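This report refers to the structure that appears directly beneath it.
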Amino acid sequence: MPISLPTAIRHNGAAAAAFIVAGVGTATILGAYYFEYVLGMAPCELCLKERIPYYVSIPLALVIGIAALRGAPHTLVRAGLAVIMVAMLIVAGLSVYHAGVEWKFWPGPTDCSGPISGFGNAGSLLESMEKTVVIRCDEAAWRLFGISLAGYDVLISLGLAAVALAGILAPKKA
């Protein structure tokens with residue numbers, strides 16, 4: 001009698017880890033889109049950079065999860081989970097940097113924090129200013145319990161890196 005998909009995932013730690021990363025990663029990106037498109041909070045330049053590793057990790061996690069269930073070589077599955085873990089650690093680093101910029105612990109990128117300059121010559125100054133929309137990296141658009149979205153991204157990405165590591169360390173499926 002064939003086993004069900006949920007049972008197969010439960011008995012395959014690497015597959016379970018990959019599907020958890022894909023699910024939570026997708027929920028994280030959908031949450032970012034909710035803040036952007038529903039609540040009208042446009043992302044800053046750092047926010048957009050923090051999304052890139054998710055765009056890589058989510059489809060990779062799905063492929064790794066399916067491969068693990070189909071009996072792909074365990075070293076290949078572990079390598080894929082290692083790539084995901086590194087990507088999530090990159091997100092965590094970017095998010096720590098971003099949160100530090102928001103708390104004014106260190107300066108942020110000049111294109112989204114600090115004084116606004118570079119509007120060209122005086123003749124087109126007003127026109128340039130009207131067309132320029134700067135979403136500041138050094139101002140948190142939203143906080144819950146004193147933690148900004150960048151701060152929550154640190155927690156989520158570190159959690160996903162830990163899940164990927166757990167999948168790497170999971171025993172090989174018999």
Side-chain angles (χ1 to χ4, degrees), residues 14 16-67 76-120 127-168:
F19 289 126
I20 289 169
V21 168
V24 174
T26 299
T28 302
I29 290 298
L30 290 175
Y33 289 156
Y34 177 80
F35 277 92
E36 181 177 353
Y37 295 110
V38 176
L39 299 181
M41 294 181 191
C44 71
E45 191 65 31
L46 286 176
C47 294
L48 294 173
K49 288 179 181 173
E50 290 164 29
R51 294 178 186 182
I52 294 170
Y54 284 102
Y55 297 147
V56 173
S57 295
I58 293 167
L60 178 59
L62 289 172
V63 169
I64 293 299
I66 292 167
L76 182 64
V77 171
R78 284 182 171 173
L81 287 169
V83 169
I84 291 168
M85 184 179 73
V86 169
M88 290 298 104
L89 291 174
I90 289 169
V91 174
L94 284 169
S95 298
V96 165
Y97 171 69
H98 190 179
V101 169
E102 290 173 342
W103 285 104
K104 313 292 190 258
F105 291 154
W106 42 73
T110 56
D111 56 343
C112 64
S113 58
I116 298 173
S117 60
F119 287 114
E127 182 180 325
S128 295
M129 287 175 65
E130 287 174 349
K131 291 180 182 177
T132 302
V133 176
V134 177
I135 308 301
R136 298 185 56 91
C137 296
D138 58 354
E139 295 175 2
W142 179 87
R143 289 186 192 273
L144 179 64
F145 306 120
I147 302 173
S148 68
L149 291 173
Y152 283 107
D153 200 24
V154 172
L155 300 174
I156 293 167
S157 57
L158 286 177
L160 291 178
V163 167
L165 178 61
I168 292 168

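Worth knowing before you read on, the calculation uses all heavy atoms, side chains too, and leaves out hydrogens, waters and symmetry mates. Since the model is a prediction, treat every value here as computed from it, not as a measurement. Sequential numbering from 1 along the given sequence is applied to the chain's residues.
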Just wondering, more than 12 heavy atoms not from Y34 lying within 6.0 Å of its OH?
no
Provide the closest heavy-atom pair for [X] versus [Y] in the form atom of the first, atom of the second, distance.
X: G167; Y: A17; answer: CA-CB, 3.6 Å
X: A99; Y: G151; answer: CB-N, 4.4 Å
X: P43; Y: L48; answer: CG-CD2, 3.6 Å
X: L76; Y: I64; answer: O-CD1, 4.3 Å
X: P53; Y: M88; answer: O-CE, 4.1 Å

Could you point out which residue of K49, E45, E50 forms a side-chain hydrogen bond (donor to acceptor under 3.5 Å, both in side chains) with H98?
E50
State the OH-CG distance between Y33 and L39, to the nearest 0.5 angstrom.
15.5 Å
Spacing of CD1 belonging to I84 relative to CG belonging to L89, to within rounding of 0.5 Å
12.0 Å
Pair up each side-chain donor or acceptor in residues 153-165 with any protein partner under 3.5 Å, not counting sequence neighbours, and list the distances.
| residue | atom | partner | partner atom | Å |
| --- | --- | --- | --- | --- |
| D153 | OD1 | Y54 | OH | 2.6 |
| D153 | OD2 | S95 | OG | 2.9 |
| S157 | OG | A92 | N | 3.3 |
| S157 | OG | D153 | O | 2.7 |
| S157 | OG | V154 | O | 3.2 |

